[in-house]
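All remarks here apply to the structure that follows.
Below, each value reflects all heavy atoms present in this structure, side chains not excepted, and no hydrogens, waters or symmetry copies.
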Amino acid sequence: MTAFRIATILFALIPLYFGVTGIIFGAAQLMGGDPFTTAMDNQFRYLSGVYIGISAMLFYSAGDIVGRALVFRMAVLAVFIGGLGRLVSYLTVGEPEMWQIGGMALELGAPIFILWQAKVIGKAS
């Protein structure tokens with residue numbers, strides 16, 4: 001159970017980092033000096049806040065793996081759906097930056113955490 005709790009906390013740090021830096025720096029951090037609209041920046045910062053919310057859910061669920069299992073699963077579902085969005089972008093717009101491909105791979109693989117969680121809960125019962 002301890003390994004799973006540690007993995008959950010480490011996993012939660014990823015969207016927390018991108019959420020905080022997204023709110024602080026906005027869309028400009030990804031634009032490389034290219035222009036962007038205020039609407040794009042507004043949406044980017046909003047979604048960065050959602051990242052922080054997902055992190056909060058993951059941190060919260062790490063405190064009680066069995067009792068907060070549904071919260072964890074919903075957070076992982078949100079991460080997975082985000083990965084599907086990245087995949088749609090990749091297939092329709094083109095190849096993103098390499099770090100975004102890595103993020104997409106982690107997001108699409110996130111349901112593995114749900115399987116691990118089920119195993120941990122099964123052993124705890």
Side-chain angles (χ1 to χ4, degrees):
M1 190 171 295
T2 301
F4 181 77
R5 183 172 280 122
I6 291 168
T8 299
I9 291 167
L10 292 174
F11 184 48
L13 290 173
I14 298 168
L16 179 62
Y17 169 79
F18 286 106
V20 170
T21 58
I23 287 175
I24 292 170
F25 301 110
Q29 68 181 326
L30 297 180
M31 297 306 296
D34 290 339
F36 55 91
T37 66
T38 56
M40 175 191 247
D41 185 75
N42 185 282
Q43 185 70 10
F44 185 86
R45 290 177 197 250
Y46 166 78
L47 292 172
S48 295
V50 172
Y51 278 171
I52 294 171
I54 290 170
S55 289
M57 292 170 68
L58 292 168
F59 284 127
Y60 176 74
S61 68
D64 182 0
I65 294 167
V66 176
R68 300 173 186 162
L70 183 59
V71 173
F72 178 82
R73 290 178 188 146
M74 296 306 292
V76 171
L77 176 63
V79 168
F80 177 74
I81 292 170
L84 290 176
R86 286 189 197 268
L87 180 60
V88 169
S89 175
Y90 186 9
L91 296 174
T92 59
V93 179
E95 187 172 337
E97 299 291 324
M98 193 52 124
W99 65 268
Q100 291 169 314
I101 293 173
M104 179 177 62
L106 179 64
E107 293 155 356
L108 293 175
I112 291 170
F113 276 97
I114 293 174
L115 297 174
W116 186 8
Q117 180 201 41
K119 185 175 178 180
V120 168
I121 290 172
K123 287 182 179 180
S125 299

Look at the side-chain heavy atoms of Ile, Leu, Val, Met, Phe, Trp and Tyr, link any pair under 4.5 Å apart, and say whether [X] and [Y] land in one connected group.
X      : Y      : answer
Phe113 : Ile121 : yes
Ile114 : Leu108 : no
Ile65  : Val76  : yes
Leu84  : Val79  : no
Trp99  : Tyr51  : yes

Identify all side-chain donor-acceptor contacts of residues 1-18 below 3.5 Å with residues at least two apart in sequence or on another chain.
{"residue": "Arg5", "atom": "NE", "partner": "Ala62", "partner atom": "O", "Å": "2.5"}
{"residue": "Arg5", "atom": "NH2", "partner": "Ala62", "partner atom": "O", "Å": "3.4"}
{"residue": "Thr8", "atom": "OG1", "partner": "Phe4", "partner atom": "O", "Å": "2.9"}

>> The criterion is side chain to side chain contact (heavy atoms under 4.5 Å, CB included); which residues satisfy it with Asp64, sequence neighbours excluded?
In response: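 Side chain to side chain contact (heavy atoms under 4.5 Å, CB included) list for Asp64, sorted by chain: Val66, Arg68.
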>> So, using side chain to side chain contact (heavy atoms under 4.5 Å, CB included) as the criterion, who are the partners of Pro111 when residues are at least two apart?
In response: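 If we apply the side chain to side chain contact (heavy atoms under 4.5 Å, CB included) test to Pro111, skipping adjacent residues, the hits are Phe80.
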Rounded to the nearest 0.5 Å, what separates atom [atom1] in [X] from atom [atom2] in [Y]?
X     : Y      : atom1 : atom2 : result
Ser89 : Met104 : OG    : CE    : 9.0 Å
Leu47 : Ile52  : CG    : CD1   : 11.5 Å
Ile23 : Phe44  : CD1   : CZ    : 10.0 Å

>> Going by the rule salt bridge (Lys or Arg N to Asp or Glu O under 4.0 Å), which residues pair with Arg73 if we only count those two or more places apart in sequence or in a different chain?
In response: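 Once residues adjacent in sequence are excluded, Arg73 has no partner under the salt bridge (Lys or Arg N to Asp or Glu O under 4.0 Å) criterion.
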>> Could you work out, with salt bridge (Lys or Arg N to Asp or Glu O under 4.0 Å) as the rule, every residue matching Asp41, not counting sequence neighbours?
In response: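 Only Arg45 meet the salt bridge (Lys or Arg N to Asp or Glu O under 4.0 Å) criterion with Asp41.
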>> Please check if the number of heavy atoms outside Ile112 that lie under 6.0 Å from its CD1 is greater than 12.
In response: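 No, not enclosed.
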> For Val71, which fellow cluster members are found when Ile, Leu, Val, Met, Phe, Trp and Tyr are connected by side-chain heavy-atom distances below 4.5 angstrom, either directly or through intermediates?
Replying inline: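 Val71 clusters with Met57, Tyr60, Leu70, Met74, Leu77, Ile81.
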>> Test question: given the 4.5 Å side-chain rule for I, L, V, M, F, W and Y, name all other residues clustered with Met31, or answer none.
In response: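 Hydrophobic cluster check, Met31: joined to Phe36, Met40.
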> If you look only at pairs with a residue in residues 74-88, which of them pass as a salt bridge (Lys or Arg N to Asp or Glu O under 4.0 Å), with sequence neighbours excluded?
Replying inline: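 Qualifying pairs, neighbours excluded: Arg86-Glu107.
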>> Quick check: closest heavy atoms across Ala75 and Leu58, and the distance to 0.1 Å?
In response: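 That would be CB-CD2, 3.8 Å.
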